[in-house]
Structure formats: C-alpha cells, structure tokens
Engineer: 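I'd like to ask you about the structure that follows.
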Amino acid sequence: MDAERRMRIAGLTETARPVWEGNPDSVAFQEYLKGIGCDGVDAVLVTKAVVGCDLGEAQTMFLTAPCRVAELDFHNSVMEGLERSQ
C-alpha cells in the first residue's frame, strides 16, 4: 500500500471512529462509510481499524450490510467465475 493510501485510510479511520463509538452498529457504520465515499478495500480496512476486529470480520461486516449489496453481488459473481474456471 502506498503512502498516500495509508494516509487516506488513517484520516478516514479517525473521522469514522466517533461514529462507531457513538453507535456501534455495523449496518449503520457501513451506511456512514458509504455516505462519505469510503468503499471497497478502504472500507474494509477502516472497519478493521475502527472496530478492532480481524480482516475476516471486517469483510463480513462490509459484505453483509444491506447498503453494500452491489459489492456482495460483484464478489459472488467473481467467486462463481473462479469456481467455473477450475
């Protein structure tokens, strides 16, 4: 990860931390991140840092949030394609 991305994620983490501390609800947190334009891997990394969970838990929080249905559909499509190619 390059320095610019590390700085962006650090800034987003500090911005998002009070939101999680004020309402530790994973769905609301993902809605907040989506609302500020924090998506994809960045959202997973911010979730991991703010919530204090491992990568798998952060990915689950990201992919199971209703506001992330498009990302889950894409993930599932890629996984199905990989399985078919085997």
Engineer: Atom CG of Leu33 and atom CG of Leu12: how far apart are they, to the nearest 0.5 Å?
Structural biologist: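 CG of Leu12 is found 7.5 Å from CG of Leu33.
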Engineer: I need the minimum non-hydrogen distance between Met61 and Ser26, along with the two atoms involved.
Structural biologist: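 In terms of heavy atoms, the two residues are closest at CE-CB, 3.2 Å.
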Engineer: Rounded to the nearest 0.5 Å, what separation is found between the NZ atom of Lys48 and the CZ atom of Phe62?
Structural biologist: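 Spacing of NZ (Lys48) from CZ (Phe62) equals 16.0 Å.
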Engineer: How close do Cys53 and Ala58 get, counting heavy atoms only, and between which atoms?
Structural biologist: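 That closest heavy-atom pairing would be SG-N, 3.6 Å.
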Engineer: In terms of hydrophobic clustering (I, L, V, M, F, W, Y; side-chain heavy atoms under 4.5 Å; direct or indirect links), are Met1 and Val46 co-clustered?
Structural biologist: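 Both belong to a single hydrophobic cluster.
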Engineer: Are the charged groups of Arg8 and Asp42 less than 4.0 angstrom apart, N to O?
Structural biologist: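 Answer for the salt bridge query: yes.
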Engineer: Is there a path of hydrophobic side-chain contacts, each under 4.5 Å between heavy atoms, that joins Val41 and Phe74?
Structural biologist: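 In one cluster: no.
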Engineer: To the nearest 0.5 Å, tell me how far Thr64 OG1 sits from Gln30 CD.
Structural biologist: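 Answer rounded to 0.5 Å: 8.0 Å.
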Engineer: Any side-chain heavy atom of Glu71 within less than 4.5 Å of one from Asp39?
Structural biologist: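 Touching, per the 4.5 Å side-chain cut-off.
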Engineer: Taking Glu57 for its side chain and Asp54 for its backbone only, find out whether a donor-acceptor pair lies under 3.5 Å.
Structural biologist: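 Yes, because the side chain of Glu57 sits within donor-acceptor range (under 3.5 Å) of the backbone of Asp54.
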Engineer: Looking at Met79, I want to see if its CE is surrounded by more than 12 non-hydrogen atoms of other residues, nucleotides or ligands under 6.0 Å.
Structural biologist: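 Yes, the 6.0 Å shell around CE holds more than 12 heavy atoms from other groups.
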Engineer: With Tyr32, which of Val27, Asp25, Val19, Asn23 fulfils side chain to side chain contact (heavy atoms under 4.5 Å, CB included)?
Structural biologist: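 Exactly one option meets the side chain to side chain contact (heavy atoms under 4.5 Å, CB included) with Tyr32, and it is Val19.
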Engineer: Taking all non-hydrogen atoms of both residues, which atom of Val50 and which atom of Trp20 are closest, and how far apart?
Structural biologist: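 Shortest heavy-atom separation between Val50 and Trp20 comes out as CG1-CB, 3.4 Å.
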Engineer: Would you say Gln59 and Thr47 are linked by a side-chain donor-acceptor pair, where the criterion is simply a distance under 3.5 Å?
Structural biologist: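 No donor-acceptor contact under 3.5 Å links the two side chains.
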Engineer: At what distance, to the nearest 0.5 angstrom, does SG of Cys67 lie from CZ of Phe29?
Structural biologist: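 Atom-to-atom, Cys67:SG and Phe29:CZ are 11.0 Å apart.
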Engineer: Between Thr60 (side chain) and Gly56 (backbone), is there a donor-acceptor pair under 3.5 Å?
Structural biologist: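 Side chain of Thr60 to backbone of Gly56: a pair is present.
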Engineer: Going by an N to O cut-off under 4.0 Å, is there a salt bridge joining Arg68 and Glu31?
Structural biologist: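 The answer is no: the pair does not qualify as a salt bridge.
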